[in-house]
Amino acid sequence: MGYLNNQVVTIDAILTKKGRELLAKGDGTFRITQFALSDDEIDYTMYNPNHPSGSAYYGEAIENMPLLEAFPDETQIMKYKLATLPRGTAKMPIISLGLESVVLKQTAATQITPQTLNYLDNNRTSEPSGYVFTISDVRLMSSFTATGINTDSVASLNGGDVPPGFRRTESGKLIPDPTTSANSVTTNGTNVSRTVIGTTLSLRATGVNTLFGSQTALYATLNVIGRDSGARIQVPVIVNKTTT
Amino acid sequence: MGFKRFDPEDLVISNDAVTATVWSNNNPTLTAFYTSSVQVVSSNAEYYYDVYQTASSDDTAAVQFSVAYCDAQGSGSTFYNALVTGSSPTRTNYGQYRTLILGDENASFVFGNQSSSYFYVINVERARYKESLLPGTMTLYISGSGGRQVLTDDSNLGNAAVFTDAGRRYNLVSGSAGTIYTGNNTNGWTANSGSYGWFLPDVGLILLSGEALDGAYASAGGVTLNTTRSFDSASFNQGKIIDGFNAAGDSSFGFTLNSKETLSSDFVFVRARNSEFNYSENPAFISGSTGEVLFNSFIDDPKTYITTVGLYNDNSELLAVAKLSRPLQKDFTKELLVRVKLDF
């Protein structure tokens with residue numbers, strides 16, 4: 001008989017760029033309420049269900065690999081989330097945007113309506129709780145909004161039709177609220193991500209020329225995560241400079 | 001679902017005290033005391049001298065503490081204006097520390113049981129002591145023409161600290177690392193000048209009584225520091241006491257002092273039940289473009305490997321992230337408990 005290891009695994013966390021931004025904002029949005037797990041860096045083709053030594057060794061090549069340190073770019077970590085699905089799931093949910101990349105000219109606009117495959121019944125294509133849209137550099141967009149989900153928390157995140165300094169009551173009435181004034185803080189300076197939630201994303205490319213410098217195009221990434229399925233897709237965003 | 005909400009008991013805030021050495025490079029004892037030739041001829045030299053751990057021209061030189069001389073009558077420095085007797089930098093210093101510590105312009109400093117009209121102040125650099133000095137860790141050797149004395153604070157006596165406008169206050173006494181030497185008198189004080197000064201841990205200040213240090217070693221327990229108290233004359237007494245630190249002896253002596261800091265940490269307990277997080281959106285977990293899992297065995301007995309924990313707000317914005325040192329396997333027979341530490 002031996003002792004069971006009752007030690008809890010303890011790990012140190014670092015703040016992401018978004019975490020530091022929200023902490024500096026001080027408007028109450030830096031509040032940890034939920035978590036997700038991911039298997040970034042894992043190559044499941046290294047899992048060997050035919051290992052000659054038996055099932056205890058199937059994951060040998062994965063379990064002993066050293067992992068990289070965490071990096072603070074919230075758009076480049078936690079890429080592949082683990083999902084909670086019923087046992088017996090044969091196909092994983094997949095998000096389809098209908099495009100491989102988002103290419104826009106300056107000031108041009110477009111809309112994206114994701115669909116989730118292998119998760120919903122035949123009569124539905126959009127997840128009931130919507131999608132989390134995150135662009136890695138919001139400076140590329142003069143407008144980045146989502147619609148289709150109308151809960152209070154989502155409306156607060158998206159900005160919606162609630163002007164700064166006001167909040168909407170449960171009955172839908174707008175009333176002054178000095179505590180929400182801080183939410184209208186605009187982040188200036190270097191690139192930061194922006195997240196909105198909805199079923200349809202509307203985005204309009206920036207018209208500001210100074211961001212381009214000597215380049216003819218600006219690049220960012222757009223992450224879309226299904227709030228129900230946990231499925232994720234990332235596509236590049238390219239804004240081409242319009243010559244005048 | 002990819003996200004799981006925390007229960008209230010999953011989030012814990014912990015405050016832990018951390019002690020450390022005060023001086024650069026984690027040196028427990030500062031044995032050499034350097035001043036800057038630029039600063040000692042500058043306009044603020046009559047107020048204080050900065051003390052470095054190495055030559056100030058060295059790339060690694062950093063201010064460890066400053067020393068100021070304070071005099072109730074304004075002696076030891078030149079008058080601001082010859083027509084206003086006694087108004088000088090040393091008197092300004094005295095008033096500054098009197099306001100800070102005593103909070104009363106009519107009060108006077110009483111070290112032990114003796115009133116003092118002039119003293120030296122060691123002002124430890126804030127970045128060095130972080131939050132507060134740690135009582136009971138100080139050992140300071142100082143020499144004068146009359147001998148050598150070693151000083152510490154009396155926090156180990158068991159008496160409650162006296163509270164001033166600058167927080168806790170202990171007496172400076174003869175002894176080392178909080179252990180009092182009672183050869184001079186039972187309290188470790190001088191014979192005729194009271195204690196050697198005050199130790200104020202909450203503001204990083206150490207006051208050294210001029211009267212006590214100027215006393216003779218044999219009869220009073222002083223070191224004969226020879227403070228110059230001439231009026232309208234720049235005596236730079238703060239330089240004398242720094243010389244007294246340097247003259248105290250070899251590398252086994254010097255100035256030993258520790259700091260204390262309270263670190264606040266968020267502990268977040270991440271719990272994954274056996275039925276949760278057993279499938280992955282990792283492209284390598286999926287075979288082909290239609291979403292089939294990579295191995296048929298993964299349909300009923302999926303295996304995932306956790307490498308990263310992400311902490312989110314209500315808006316699903318990633319606030320903090322933690323990596324495991326190696327992948328942890330998860331399946332329908334395993335549960336996971338990870339404690340994530342977030343320091344502020």
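Order of the sequence lines fixes the chain letters, A, B, ..., with proteins taken first and strands second; residue numbering starts at 1 for each chain. Since the model is a prediction, treat every value here as computed from it, not as a measurement.
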Open item on the list: Assess the residue pair I11(A) and R339(B) against the criterion (side chain to side chain contact (heavy atoms under 4.5 Å, CB included)); give the C-alpha distance rounded to whole Å, side-chain angles, the decisive distance to 0.1 Å, and a yes or no.
Closed with: CA-CA 6 Å; I11(A) 49 179; R339(B) 186 171 69 170; over 6 Å; no
Under 4.5 Å, counting heavy-atom pairs only, tell me which of [options] racks up the most with chain B.
{"options": "L68(A), I62(A), T134(A)", "answer": "I62(A)"}
{"options": "K91(A), M46(A), R232(A)", "answer": "K91(A)"}
{"options": "I94(A), T45(A), I32(A)", "answer": "I32(A)"}
{"options": "R31(A), K79(A), R20(A)", "answer": "R31(A)"}
{"options": "G226(A), P49(A), G59(A), G88(A)", "answer": "G88(A)"}
{"options": "P66(A), P72(A), P93(A)", "answer": "P93(A)"}

Task: Beyond-backbone contact of V132(A) with N315(B), side-chain heavy atoms, under 4.5 angstrom - done: no
Task: Side-chain touch Y44(A)/S280(B), heavy atoms, less than 4.5 angstrom - done: yes
Tell me, out of [options], who's got the most heavy-atom pairs with chain A below 4.5 Å.
{"options": "T308(B), V268(B), V270(B)", "answer": "T308(B)"}
{"options": "N296(B), I286(B), D300(B)", "answer": "D300(B)"}
{"options": "P302(B), G291(B), S297(B)", "answer": "G291(B)"}

Between [X] and chain A, with a heavy-atom cut-off of 4.5 Å, which part of the residue counts as in contact: side chain, backbone, both or neither?
{"X": "E276(B)", "value": "both"}
{"X": "L311(B)", "value": "both"}
{"X": "S275(B)", "value": "backbone"}
{"X": "F295(B)", "value": "side chain"}
{"X": "N278(B)", "value": "backbone"}
{"X": "I306(B)", "value": "both"}

- [ ] Pick one of side chain, backbone, both or neither for E63(A), based on which atoms fall under 4.5 Å of a heavy atom in chain B.
- [x] both
TODO: Could you tell me which non-hydrogen atom of Y279(B) sits nearest to which non-hydrogen atom of P86(A), and how far apart they are?
DONE: OH-O, 3.5 Å
Task: Heavy-atom pair with the smallest gap, counting every atom of A320(B) and A13(A) - done: CB-CB, 4.4 Å
Should the heavy atoms of other residues, nucleotides or ligands under 6.0 Å from [atom1] of [X] be counted, would the total exceed 12?
{"X": "I13(B)", "atom1": "CD1", "value": "no"}
{"X": "R87(A)", "atom1": "CZ", "value": "yes"}
{"X": "Y57(A)", "atom1": "OH", "value": "no"}
{"X": "K130(B)", "atom1": "NZ", "value": "yes"}

Spacing of [X] atom [atom1] and [Y] atom [atom2] [to the nearest 0.5 Å]:
{"X": "L67(A)", "Y": "S325(B)", "atom1": "CG", "atom2": "OG", "value": "7.5 Å"}
{"X": "E317(B)", "Y": "T195(A)", "atom1": "CD", "atom2": "OG1", "value": "4.5 Å"}
{"X": "T89(A)", "Y": "I299(B)", "atom1": "OG1", "atom2": "CD1", "value": "9.5 Å"}
{"X": "Q34(A)", "Y": "R5(B)", "atom1": "CD", "atom2": "CZ", "value": "5.5 Å"}
{"X": "T304(B)", "Y": "L37(A)", "atom1": "OG1", "atom2": "CG", "value": "8.5 Å"}
{"X": "E281(B)", "Y": "S38(A)", "atom1": "CD", "atom2": "OG", "value": "12.0 Å"}

Task: Listed once per pair and sorted, the salt bridge (charged side-chain N to carboxylate O under 4.0 Å, His left out) pairs that draw on residues 7-31 of chain B, sequence neighbours left out - done: D10(B)-R271(B)
Task: salt bridge (charged side-chain N to carboxylate O under 4.0 Å, His left out) contacts in which one or both residues fall within residues 39-51 of chain A, not counting sequence neighbours - done: E41(A)-K323(B)
Main-chain N/O of [Y] paired with [X] side-chain donor or acceptor, under 3.5 Å:
{"X": "N282(B)", "Y": "I42(A)", "result": "yes"}
{"X": "R326(B)", "Y": "N64(A)", "result": "no"}
{"X": "T84(A)", "Y": "F277(B)", "result": "yes"}

Open item on the list: Counting the benzene-type ring for Trp, do Y47(A) and F298(B) have ring centres under 6.0 Å apart?
Closed with: yes
Task: Aromatic contact, F3(B) with F35(A) (centres under 6.0 Å) - done: no
- [ ] Begin with the C-alpha distance, continue with both residues' side-chain angles, and end with the deciding distance and a verdict on side chain to side chain contact (heavy atoms under 4.5 Å, CB included) for K303(B) and Y58(A).
- [x] CA-CA 10 Å; K303(B) 311 281 187 193; Y58(A) 289 177; over 6 Å; no
Task: Passing option when E74(A) is tested against L318(B), V321(B), L319(B) for side chain to side chain contact (heavy atoms under 4.5 Å, CB included) - done: L318(B)
- [ ] Tell me yes or no: between the side chains of D314(B) and T33(A), is some donor less than 3.5 Å from an acceptor?
- [x] yes
